[in-house]
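What follows is a short report on a single structure.
Keep in mind that what you see is a predicted model, and the values were worked out from it rather than measured. Numbered from 1 within each chain, the chains take letters A, B, ... in sequence-line order.
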Amino acid sequence: MPPPMTLDSSMQSVRELLLARGALKDDVLGVRLSSRTDDALVDLHTAIDPAELEKGFTAVTRGSADGLEIIRHSTAHVMADAVQQLFPGTKVTFGPATENGFYYDFDRKGGGTFSEDDLVAIEAKMREIIAQKAPFRREPISREAAVALFTKMGETYKVEWMETLPAGTDFTVYRHGAAGSEWVDFCKGPHVPHTGELGAIKLTAVSGTYWRGIEGNPQLQRIYGTAFPDEAALKAHLEQLEQAKARDHRKLGRELELFAFDAAAPASPFFLPRGAKVYHRLVDYVRDLYVRHGYDEVITPQIYGNELYKKSGHLANYRENMYLAVTADDFVDPAKVDAIRAALTAEHATEAQLDLLAAETRGVKPMNCPGHAQLFSHRKRSYRELPFRCADFGRLHRYERGGVVHGLARVRTFCQDDAHIFCTPAQMQPEISAFNALLDEAYGTFGFTDVRVRLATRPEKRVGSDALWDSAEHALADAMRAAGRSFTVAEGEGAFYGPKLEYHVKDAIGRSWQLGTMQVDFNMPERFELAYVDHEGKDQRPVMLHRALLGSLERFFAVYLEHVAGNFPVWLAPEQVCILTVSEKFEAYAREAEQVLRLAGVRVATDLGPDKLGAKIRAARQMRYPYLAVVGGKEAENRALALRPGNDDLGAIPLAEVVQKLLAEGVFPRPQNS
RNA sequence: GCCAACCUAGCUCAGGGGUAGAGCAGCGGUUUCGUAAACCGCAGGUCGUGGGUUCAAAUCCCAUGGUUGGCUCCA
């Protein structure tokens with residue numbers, strides 16, 4: 001063990017400082033210092049200048065968000081300790097706390113993997129370490145000593161990481177365990193006082209990952225776990241996971257007969273009649289918005305010759321995600337087939353290869369934008385036509401790798417409520433503002449009130465001048481400010497052709513989803529040499545705004561289905577009401593009532609079978625019809641329906657009134673003034 | 001694609017070398033019933049697929065398809 005570095009005599013541990021002030025409560029794990037802007041979270045082990053504490057601090061307790069992070073980070077250390085005890089020769093890499101727990105990435109000796117049985121053993125070993133209540137210790141160390149120590153330990157990943165750290169970085173190690181058999185990690189902390197502070201732990205999963213997240217780097221084994229201040233909090237977390245499972249859209253989709261998947265077309269949904277009704281209602285709702293917000297819908301081809309995708313850049317940059325459409329005639333010349341195969345599979349296709357693909361192959365569209373650019377340039381355009389808001393519900397196909405597909409949320413065929421707005425540079429800002437208003441209306445309709453926006457700015461690899469980027473980014477930012485909306489900036493995360501706004505919503509159980517997007521694109525108009533004639537008769541280059549409201553409708557279907565846990569509102573539900581007979585004696589009237597509702601345009605289901613009413617209500621509730629309508633002797637006699645929304649009971653209502661009520665509730669939601 | 005796991009009736013799941021099971025759903029019958037499960041019966045599966053080991057494979061092994069959880073969080 002290298003000797004600890006001598007500390008500046010003015011430094012004192014946070015523990016001592018708090019103790020002297022009488023502020024060291026049992027549940028305090030550290031402090032947040034007001035004097036520091038970043039890395040303000042400091043544990044009890046850390047030595048600081050007492051003056052720093054004087055400037056103000058907040059005690060970090062076990063129950064706080066900061067405390068939770070400390071607990072989880074320390075639990076990750078304990079897990080790594082357990083793993084190295086049970087599996088000697090395993091190398092450690094990174095092990096951070098995360099939003100829902102923690103993980104640690106390992107390189108197991110000989111490239112071995114961990115099984116779920118291993119997790120059980122590791123968790124048992126962790127509990128042993130925790131029971132020892134062994135103290136954590138923090139130790140500042142010189143770069144040279146750290147490199148020497150971890151080199152000697154054979155921790156090559158740690159050493160590699162140290163070598164990437166800039167000069168002047170403070171190096172520290174943390175140890176825990178009994179003297180003589182301490183587990184040590186190169187770590188900046190913070191950590192709990194001793195392992196006894198931990199306890200409510202659970203290892204949850206094991207997965208493969210790559211060193212520093214880069215494909216091609218050595219394959220590591222990641223073990224996931226979670227930890228909480230106490231067992232009750234852990235139990236609550238696990239129960240919440242169960243709840244999320246209960247409203248999983250894949251489960252609801254099956255149970256409510258909305259959609260299905262089949263190995264005949266992996267990751268491609270079959271929308272069943274009930275699901276298709278909802279899907280079409282969603283599309284028609286967006287169309288209803290479009291009418292009032294000045295969009296024009298177009299219908300464009302599914303398959304294009306690849307010249308188009310060469311022009312747009314997709315063939316060079318997106319072909320691994322594209323489906324090709326072939327015909328028997330494409331296979332008559334074997335030499336050509338070989339050349340096409342070579343061009344398709346080349347990591348960086350040459351210009352000649354791209355030309356070959358463009359000339360000889362067709363692609364199924366993965367995006368609408370190239371087709372819309374083509375449509376725009378189909379004839380001469382005047383400034384009087386702008387902005388041209390070109391909407392398209394075209395079906396898109398993208399080949400997604402097997403591991404990333406997920407129910408309806410990530411599929412290989414889908415449709416977006418997509419539109420491209422062709423406008424002048426001066427029109428950008430008002431168009432963006434108008435889109436915000438449109439988006440507010442739509443999201444409000446679906447009950448997504450917690451909307452967060454990220455502005456993704458210019459990436460390193462980009463096209464267009466800095467002046468254009470400035471104006472594009474300002475247009476997005478100014479429009480957001482004008483609408484009084486806050487946003488965060490995601491530096492360098494924009495698309496190569498322009499910056500974008502990403503709209504994220506939180507669903508009913510607090511999960512965040514990206515739905516809408518607004519992108520400013522200078523690239524595509526350039527590539528397609530798009531032009532409009534200005535009022536002086538000169539050609540000008542339009543800007544393309546690429547925007548989606550709900551995003552992929554498949555994905556939105558999934559998000560919304562989980563958000564409402566299957567309980568669609570009357571305007572969207574596959575069937576708005578289900579008629580139930582008290583006994584089969586009332587079938588005739590029930591059928592008549594069904595017909596009246598149906599002819600009026602109400603979506604209606606029936607259960608006229610021989611079951612008892614209680615059983616029918618139970619079954620109908622499980623199908624989540626917004627309204628149940630009971631038909632018995634009284635209703636048949638009075639030409640009424642006993643209407644039951646949810647668990648409520650409105651009693652008998654005349655049939656004609658029911659029709660009016662359901663029609664009124666079934667229209668697309670609109671703001672008051674439109 | 002990579003790591004781990006799973007795949008048995010339409011759905012949820014039992015069975016883990018020795019003749020394929022249950023509940024729900026479906027179908028038939030009895031009951032004709034007033035607000036979250038009436039009763040009786042019938043039918044339904046080459047245990048994802050292909051190969052192997054074995055006297056014998058749903059069960060063990062290999063391959064393959066599909067599915068699920070991960071592969072963004074940085075010492």
Side-chain angles (χ1 to χ4, degrees), chain A residues 69 72-73 76-77 92-106 108 111-119 141 146 150 155 157-165 169-174 185-189 204-224 241 245 248 250-251 254-255 257 260-267 320 399-407 493 580-587 609-622 628-635 642-644 647-649 651-652:
Chain A
E69 188 186 325
R72 287 171 171 174
H73 189 188
H77 274 222
V92 295
T93 64
F94 291 154
T98 66
E99 202 179 321
N100 294 312
F102 62 88
Y103 66 78
Y104 213 118
D105 288 345
F106 301 99
R108 189 166 166 186
T113 59
F114 295 106
S115 69
E116 282 177 16
D117 288 343
D118 293 335
L119 294 195
I141 190 172
F150 285 87
E155 296 290 2
Y157 294 95
K158 289 287 183 186
V159 174
E160 185 184 329
W161 174 244
M162 289 175 195
E163 283 162 357
T164 67
L165 293 174
T169 306
D170 289 328
F171 278 41
T172 54
V173 297
Y174 271 82
D185 197 3
F186 175 58
C187 178
K188 65 182 172 186
T204 50
V206 56
S207 92
T209 185
Y210 300 98
W211 167 233
R212 306 189 65 181
I214 299 165
E215 269 185 56
N217 274 359
Q219 174 94 42
L220 304 176
Q221 293 291 310
R222 173 171 297 181
I223 301 178
Y224 283 91
L241 288 182
K245 223 167 146 184
D248 187 311
R250 294 163 300 185
K251 177 178 148 77
R254 209 171 26 240
E255 290 174 356
E257 297 199 50
F261 288 90
D262 192 289
E320 67 277 15
Y399 174 70
E400 302 280 3
R401 296 200 291 181
V404 304
V405 296
H406 176 82
E493 289 188 25
L580 314 175
T581 47
V582 171
S583 90
E584 288 175 305
K585 283 194 292 201
F586 311 109
E587 180 179 333
D611 285 340
K612 290 174 75 167
L613 183 58
K616 290 186 186 180
I617 285 178
R618 185 184 135 88
R621 292 286 299 140
Q622 281 173 346
L628 305 185
V630 174
V631 167
K634 293 195 291 273
E635 289 78 14
L643 212 55
R644 184 183 151 123
N647 283 323
D648 205 3
D649 192 346

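Taking the C1' atom of each, B:C42 and B:C2 are spaced 49 Å apart, rounded to whole Å. To the nearest whole angstrom, the two C1' atoms, one in B:A56 and one in B:U19, are 12 Å apart.
Distance alone, capped at 3.5 Å, is enough to place a donor-acceptor pair between the A:R108 side chain and the A:T113 backbone.
Nucleic acid contact for A:E635: base, since at least one base atom lies under 4.0 Å from a heavy atom of the residue. Among the atoms of the strands shown, none is found under 4.0 Å from any heavy atom of A:A652. Residue A:F586 is classed as having no contact, given no heavy-atom separation below 4.0 Å to the nucleic acid. A:D262 comes within 4.0 angstrom of nothing in the nucleic acid, heavy atoms only. Heavy atoms of A:G407 sit under 4.0 angstrom from primed sugar atoms or phosphate atoms, though from no base atom. Among the atoms of the strands shown, none is found under 4.0 Å from any heavy atom of A:G95.
Below 30°, between 30° and 60°, or above 60°: for A:F106 and A:Y104 the angle between ring planes is below 30°, a parallel geometry.
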For nucleotides 69-73 of chain B, tabulate all protein N/O to nucleotide N/O atom pairs closer than 3.5 Å, reporting atom names and distance.
from  : atom 1 : to     : atom 2 : distance (Å)
B:G69 : OP1    : A:R250 : NH1    : 3.1
B:G69 : OP1    : A:R250 : NH2    : 2.8
B:G69 : OP2    : A:R250 : NH1    : 3.3
B:G69 : OP2    : A:H406 : ND1    : 3.1
B:G69 : N2     : A:V206 : O      : 3.1
B:G70 : O3'    : A:Y224 : OH     : 2.9
B:G70 : O2'    : A:S207 : OG     : 2.7
B:G70 : O2'    : A:Y224 : OH     : 2.9
B:G70 : N2     : A:G208 : O      : 3.3
B:C71 : OP1    : A:Y224 : OH     : 3.4
B:C71 : O4'    : A:G208 : O      : 3.4
B:C71 : O2'    : A:T209 : OG1    : 3.1
B:C71 : N4     : A:G403 : O      : 3.3
B:U72 : OP2    : A:G213 : O      : 3.2

Which protein N or O atoms sit under 3.5 Å from an N or O of nucleotides 36-39 of chain B?
from  : atom 1 : to     : atom 2 : distance (Å)
B:A36 : N6     : A:R621 : NE     : 3.3
B:A36 : N6     : A:R621 : NH2    : 3.4
B:A37 : N7     : A:R618 : NE     : 3.4
B:A37 : N7     : A:R618 : NH1    : 3.2
B:A37 : N7     : A:R618 : NH2    : 3.3
B:A37 : N6     : A:R618 : NH2    : 2.5
B:A37 : N1     : A:R618 : NH2    : 3.1

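Atom CG of A:L220 and atom P of B:C3 are 13 Å apart (whole Å). What separates CG of A:L119 from P of B:C3 is a distance of 17 Å, to the nearest Å.
In this entry B:A4 has B:U68 as its Watson-Crick or G-U wobble partner, both defining distances falling under 3.5 Å.
Residues A:K158 and A:D185 are in side-chain contact: their nearest non-hydrogen atoms beyond the backbone lie under 4.5 Å apart.
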